[in-house]
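Comments concern the structure below.
Lettering of chains follows the sequences in order, A, B, ..., and the numbering in each one begins at 1. Since this is a predicted model, take the numbers as computed values, not measurements.
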Protein chains: 2
Amino acid sequence: MKTRIDPASLVDKGLELMYLRGYNDVSIKDLVDAAGMPKGSFYNHFKSKEDFALAVIDRYAEMWHTELRTFLADKKYPARERFSRFFDHMIDTYENSTHFTRGCLAGNFSQELGDVNDVFAQHVDTVFRTAESYFIHAVRDGQREGSIDPKLDAEATGQFLLNAFEGAMVRMKSARSSRPLTAFRNLVFTTIIR
Amino acid sequence: MKTRIDPASLVDKGLELMYLRGYNDVSIKDLVDAAGMPKGSFYNHFKSKEDFALAVIDRYAEMWHTELRTFLADKKYPARERFSRFFDHMIDTYENSTHFTRGCLAGNFSQELGDVNDVFAQHVDTVFRTAESYFIHAVRDGQREGSIDPKLDAEATGQFLLNAFEGAMVRMKSARSSRPLTAFRNLVFTTIIR
DNA sequence: CCTTTCCAAGCGACCGGTCATCTTGCGTTA
DNA sequence: TAACGCAAGATGACCGGTCGCTTGGAAAGG
């Protein structure tokens, strides 16, 4: 009996594998094996490996943006506290469930493919722009309610916080330690969001 | 007559290619072709592709650390000015000679290979630690001479500045713009190094 | 001469992608 | 309700090409 194939589960497996090992180090055989699917079926659902990777990015974006909304757009807390809760949550996640690996898939793809492939660069940039908007809005909320210095340029500050956090995650991966993340948090809350 | 082969020039070519395209996307054939060297010769000088990449990292570290020394350890300037001169220099470099590609090779390798290969992670981490020390020392100098707030934890601040700058470069690659770098600079000089 | 260095040829494995063939569910017809 | 037709989906063998790496013997050096 031929089993019907669920492309979504393949994307999930792809997210798992490419999150850890990147794009070029994961073959289509790796993907279909992990999903228990025959190789030929891959191309019924995705026109190429690149096309598939774009779907993986979209899946990641969906999860990431949900997480950002949960923490940074939650009006129950003052914005300053939203940030601290979010960073604490991220530090906790990396410490306890990924042993400091993986980082951020959008950052990984930006690094691995950003300078060589325009389609990826543009796709990843869109994901970043949405993520960034959560940071920027939270900064604005904080300025409105008085928990964040109103003299800061909200847009630049939001961008800065996102990018600096991404940088801390890059470093975390080679340091195999949460130190870069905690240094980030401590600095941010003593100098930028005081 | 057989020409003698210069492994150093192969490493330079490797740096150029892997800086732009990463590790997995550059084959040994790409390397030897670019260096005008027969493929069989590769293994006279390097025992594997991984071994070669470690040499590439070392070559990059040599150049990077020289650049850092030039800008951040130059006692002619106050530390605050050393930082601003360094960041301006980096922004200028990316704007005018690389069209926002490449980023930092150590960061790239950390992203692409850091979570999957212990040898690379450790090697890259050593490079980062040395780079970090230039930041930390410059912060201390600034605190001694009064151009940087003495209440800051110099070590954490140096780490933070390096990692945040790395993050801005990740973002630069997908945004294809110097905006992340300028936002970084502006934020740093209005909130951290005031 | 012998030792060391060099390298073209080519190894098996695997790459991303194709394709001819088989299976299936469903609308149509009687 | 049963039989049929057929598009869409599923499948694994297979494509040319490239991967990282090995090797046997030629050339260079002492």
In terms of side-chain heavy atoms, does B/D51 have a donor or acceptor partner in B/S48 at a distance below 3.5 Å?
no
How would you label the contact of A/S27 with the nucleic acid (heavy atoms, under 4.0 Å): base, sugar-phosphate, or nothing?
sugar-phosphate
Using whole Å, what does the distance between atom C1' of nucleotide D/dG9 and atom CG of A/L10 come to?
15 Å
Among the nucleotides D/dT11, D/dA10, D/dC19, whichever has the atom closest to the side chain of B/D30 is D/dC19
Assign B/V26 to base, sugar-phosphate, or nothing according to its heavy-atom contacts below 4.0 angstrom with the strands shown.
sugar-phosphate
Which nucleotide, D/dC21, C/dG16, C/dC15, lies nearest any side-chain atom of A/K49?
C/dG16
Return the value, rounded to whole Å, for the distance between atom CE of B/M37 and atom C1' of C/dA8.
15 Å
A/D141 bridged to A/R82 by N-O distance under 4.0 Å:
yes
Would one find a side-chain N or O of A/H45 under 4.0 angstrom from OP1 or OP2 of D/dG9?
no
To the nearest Å, how far apart are B/D33 CG and D/dT18 C1'?
12 Å
Whole angstrom value for the distance that separates P of D/dT22 from NZ of B/K47:
11 Å
Rounded distance in Å - CE (B/M18) to P (D/dG20)
8 Å
Taken to the nearest whole Å, NZ/A/K29 to C1'/D/dG12 is 12 Å
A/F42 CZ to C/dC15 P, in whole Å, measures 13 Å
Just checking, B/K49 and B/Y23: is the charged tip under 6.0 Å from the six-membered ring centre and within 45° of the axis?
yes
Counting the atoms with a prime plus P, OP1 and OP2 as sugar-phosphate, which does A/K39 contact under 4.0 Å by heavy atoms, base, sugar-phosphate, or nothing?
base
Between A/Y43 (OH) and C/dG16 (C1'), how many Å, whole number?
5 Å
Under 6.0 Å from the six-membered ring centre of B/F189 and within 45° of its axis: does the NZ or CZ of B/R194 meet both?
no
Which of B/F87, B/Y94, B/F160 passes ring pair (Phe, Tyr, Trp, His ring centres under 6.0 Å) with B/F165? It is B/F87
Per nearest nucleotide of DNA chain C, the residue lying toward the 5' end, A/G40 or B/G40, is B/G40
